[in-house]
S.K.: 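Structure in C-alpha cells, see below.
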Amino acid sequence: MPVSIKSAREIELMREAGRILANVHKQLGEALKPGMSTMDIDRMGEKLIRGYGCIPSFKNYNGYPASICVSVNDEVVHGIPNRHHILREGDIVSLDAGVIYHGYHSDAARTHAVGTVSPQAQKLIQVTRECFFEGIKYARSGNHLNDISSAIQKYAESFGYGVVRDLVGHGIGTHLHEDPEVPNFAQDKKGIRLRPGMTLAIEPMINAGRADVVWMDDDWTVVTDDGTLSAHYENTILITEGDPEILSLP
C-alpha cells in the first residue's frame, strides 16, 4: 500500500486530533498518583476523549478492551487496565492513547513516574523521550525512513539500553496503523524517502535491560523478557518542507 500524502484539509483535521490528544495526556499525567487502579486511568481517559467529541482509537481495536493502554514497570506496551492493578509509589507507568477526530487518528504515548522513583527509572524515562527527539532530527523531506530508525537505536544503545525489535512505529491517518512501518532500530535498507504531507507515529520502546520481550497469556500485554523496566514515548508527526511538526504536543 503506498504511503499516503495528506491534503491541507486532512492535515488540519490531524492537527486537531493531535491537539486534543495532547490535552488528554496532560490531564491524565496530572491525575496519576499512588493508589489509583489502572482501570481508573482508563475510565478517566475515555471520559476525557469522548468529552472532546472524539472516539478512542484503541477501544475494541482488533479486540483490545480499553481506551488507554496502561503499562506498568516491566510492561512494555498494551497493558490492559484492571481494577485490581493498583499503582504504587516508585512505579513507572506508560500511557498510550489515540483519538479519532472526524475520521482522523492521532496516537501518542508518555511514560510517567508515580511519586518518587529510582534514579535509574527516571533516567530510562528521560532517555526514551530523548530518543524520540534524536530520531525526528532526521524526519525531514528528502531523508530516508532508516535515518530516523538508526538515530533512535544509536542514542538508546549509547546508554546500554535495549531497543525493542518486535514492535515498531507506523504511518497514521484515516487508519490507526498505515504504511510505512517505522522501526526504532537500523534496517538493511534505507526505507522510503520522506515527503511533505506524510504523517507518522514515531514511538521508541526502550528497555533498561535486554531488547527481548514476551507476550502474556492475555495476548496483548508485552513485557520485558528479563523483568527489567521499560519506557515508551510517542508522538504523531507531520513531514513538512522544513522541520517536522509534532501534532500531539500541546
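Sequence positions, counted from 1, serve as the residue numbers for this chain.
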S.K.: Just by modelled atom types, is the Pro183 backbone N or O under 3.5 Å from a matching donor or acceptor in the Ser149 side chain?
M.R.: yes

S.K.: What's the spacing between Lys47 NZ and Met44 CE if we round to 0.5 Å?
M.R.: 9.0 Å

S.K.: Run the salt bridge (charged side-chain N to carboxylate O under 4.0 Å, His left out) test on Lys189 and Glu181 for me, step by step, so that the C-alpha distance in whole Å, both residues' side-chain angles and the decisive distance to 0.1 Å come before the verdict.
M.R.: CA-CA 13 Å; Lys189 300 189 177 86; Glu181 288 194 340; over 6 Å; no

S.K.: Using only heavy-atom distances, determine whether the side chains of Arg129 and Asn235 contain a donor-acceptor pair under 3.5 Å.
M.R.: no

S.K.: Regarding Glu130 and Gln126, do their side chains bring together a donor and an acceptor under 3.5 Å, going by distance alone?
M.R.: yes

S.K.: I need the minimum non-hydrogen distance between Ile125 and Ala231, along with the two atoms involved.
M.R.: CA-CB, 4.3 Å

S.K.: Can you pull out every side-chain hydrogen bond (donor to acceptor under 3.5 Å, both in side chains) where at least one residue sits in residues 27-40? Sequence neighbours excluded, please.
M.R.: Lys26-Glu30, Gln27-Tyr52, Ser37-Asp40

S.K.: Taking the side chain as C-beta and beyond, is there a heavy-atom pair between Ile5 and Val3 under 4.5 Å?
M.R.: no

S.K.: Please indicate whether Arg50 has more than 12 foreign heavy atoms, meaning atoms of other residues, nucleotides or ligands, lying under 6.0 Å from its CZ.
M.R.: yes

S.K.: If I compare all heavy atoms of Ala211 with all of Arg165, which pair ends up nearest, and what's the gap?
M.R.: CB-NH1, 4.3 Å

S.K.: If I take atom CG from residue Asp225 and atom CG from residue Asn207, how far apart are they, to the nearest 0.5 angstrom?
M.R.: 9.5 Å

S.K.: Would you say OH of Tyr138 has more than 12 non-hydrogen atoms from neighbouring residues, nucleotides or ligands within 6.0 angstrom?
M.R.: no

S.K.: Check the pair Val213, Val223 against side-chain contact (heavy atoms from CB on, under 4.5 Å), reporting the backbone distance first and the verdict last.
M.R.: CA-CA 6 Å; Val213 299; Val223 298; over 6 Å; no

S.K.: Hey, does the side chain of Asp42 reach the backbone of Ile68 with a donor-acceptor pair shorter than 3.5 angstrom?
M.R.: yes

S.K.: Where do Tyr233 and Asp96 land on the side-chain contact (heavy atoms from CB on, under 4.5 Å) test, with the steps shown first?
M.R.: CA-CA 8 Å; Tyr233 186 85; Asp96 189 358; over 6 Å; no

S.K.: Give a yes or no on whether the backbone of Val163 and the side-chain of Gln153 come within a donor-acceptor separation of less than 3.5 Å.
M.R.: no

S.K.: Output yes when Glu245 and Arg15 qualify as a salt bridge under the 4.0 Å nitrogen-oxygen rule, no when they do not.
M.R.: yes

S.K.: With no hydrogens and no angle check, is any side-chain donor or acceptor of Glu234 less than 3.5 Å from a backbone partner on His232?
M.R.: no

S.K.: Got a donor-acceptor contact below 3.5 angstrom from the Asp218 side chain to the Trp220 backbone?
M.R.: yes

S.K.: Check the hydrophobic clustering (I, L, V, M, F, W, Y; side-chain heavy atoms under 4.5 Å; chains of links allowed) and say if Val117 and Ile86 are grouped together.
M.R.: no

S.K.: Around Arg83, counting heavy atoms of other residues, nucleotides and ligands shown, do more than 12 lie under 6.0 Å from its CZ?
M.R.: no

S.K.: Do Asn82 and Met39 touch side chain to side chain, with heavy atoms closer than 4.5 Å?
M.R.: no

S.K.: Counting only N and O atoms by type, is there a donor-acceptor contact under 3.5 Å from the side chain of Thr240 to the main-chain atoms of Gly242?
M.R.: yes

S.K.: Would you say that Arg140 contacts Asp243 through its side chain, given a criterion of any heavy-atom pair below 4.5 Å between the two side chains?
M.R.: yes

S.K.: Measuring from Glu241:CD to Ser141:OG, what's the distance to the nearest 0.5 Å?
M.R.: 5.5 Å

S.K.: Carefully, step by step, assess Glu89 and Val114 under the rule side-chain contact (heavy atoms from CB on, under 4.5 Å).
M.R.: CA-CA 5 Å; Glu89 180 92 14; Val114 181; 5.8 Å; no

S.K.: Counting only heavy atoms from other residues, nucleotides and ligands, does the tally under 6.0 Å from NZ of Lys59 exceed 12?
M.R.: yes

S.K.: Does one hydrophobic cluster hold both Phe58 and Val93, with members joined at side-chain heavy-atom distances below 4.5 Å?
M.R.: yes

S.K.: Begin with the C-alpha distance, continue with both residues' side-chain angles, and end with the deciding distance and a verdict on side-chain contact (heavy atoms from CB on, under 4.5 Å) for Glu178 and Ile172.
M.R.: CA-CA 5 Å; Glu178 298 183 355; Ile172 184 169; 5.6 Å; no

S.K.: In a table with atom names and distances, give each donor-acceptor pair under 3.5 Å that connects a side chain of residues 98-109 to protein atoms at least two apart or in another chain.
M.R.:
residue	atom	partner	partner atom	Å
Tyr104	OH	Glu10	OE2	2.6
His105	ND1	Ser57	OG	2.9
Ser106	OG	Ala17	O	2.8
Asp107	OD2	His170	NE2	3.1

S.K.: Check this for me: does any side-chain nitrogen of one of Arg210 and Glu157 sit under 4.0 Å from a carboxylate oxygen of the other?
M.R.: no

S.K.: Under 4.0 Å between a side-chain nitrogen and a carboxylate oxygen: does that hold for Lys137 and Glu134?
M.R.: yes

S.K.: Is there a path from Val164 to Ile152 through hydrophobic residues (I, L, V, M, F, W, Y) whose side chains come within less than 4.5 Å of each other?
M.R.: no

S.K.: Report yes if the side chains of Thr128 and Thr111 come closer than 4.5 Å at any heavy-atom pair, otherwise no.
M.R.: no

S.K.: With a 4.5 Å limit on heavy-atom distance, are the side chains of Tyr161 and Tyr155 in contact?
M.R.: no

S.K.: Contact between Val77 and Leu167 at the side-chain level, heavy atoms closer than 4.5 Å - yes or no?
M.R.: yes

S.K.: Return the minimal non-hydrogen interatomic distance between Ser248 and Arg110, and the atom names on each side.
M.R.: O-NH2, 2.9 Å

S.K.: Under 3.5 Å, side chain of Glu46 to main-chain N/O of Ser67, donor-acceptor pair present?
M.R.: no

S.K.: Check Arg19 with Glu16, please: is the shortest side-chain N to carboxylate O separation under 4.0 Å?
M.R.: yes

S.K.: Got a donor-acceptor contact below 3.5 angstrom from the Asp74 side chain to the Leu229 backbone?
M.R.: no

S.K.: What distance do Leu176 atom CG and Asn62 atom CG have between them, rounded to the nearest 0.5 Å?
M.R.: 9.0 Å

S.K.: Side-chain contact, heavy-atom cut-off 4.5 Å: Ile41 with Leu95?
M.R.: yes

S.K.: Under the 3.5 angstrom rule, does the side chain of Asp147 hit a backbone N or O of His144 as a donor-acceptor pair?
M.R.: yes

S.K.: Atom CG of Asn73 and atom CD1 of Ile92: how far apart are they, to the nearest 0.5 Å?
M.R.: 6.0 Å

S.K.: If you look at every heavy atom in Ile202 and Phe132, which pair is closest and at what distance?
M.R.: O-CD1, 3.6 Å

S.K.: In terms of side-chain heavy atoms, does Glu75 have a donor or acceptor partner in Ser230 at a distance below 3.5 Å?
M.R.: no

S.K.: Considering non-hydrogen atoms only, spot the tightest contact between Thr228 and Thr224 and give its length.
M.R.: O-OG1, 2.7 Å

S.K.: If every non-hydrogen atom of Ile11 is compared with every non-hydrogen atom of Gly197, which pair is closest and at what distance?
M.R.: CD1-CA, 4.4 Å

S.K.: Going hydrophobic residue to hydrophobic residue with side-chain gaps under 4.5 angstrom, can you get from Leu249 over to Leu200?
M.R.: yes

S.K.: Is there side-chain contact between Asn184 and Pro204, with at least one heavy-atom pair below 4.5 Å?
M.R.: yes

S.K.: Give a yes or no on whether Leu145 and Ile239 share a hydrophobic cluster (residues Ile, Leu, Val, Met, Phe, Trp, Tyr; joining criterion: side-chain heavy atoms under 4.5 Å apart).
M.R.: yes

S.K.: What's the spacing between Leu48 CG and Arg43 CZ if we round to 0.5 Å?
M.R.: 14.5 Å

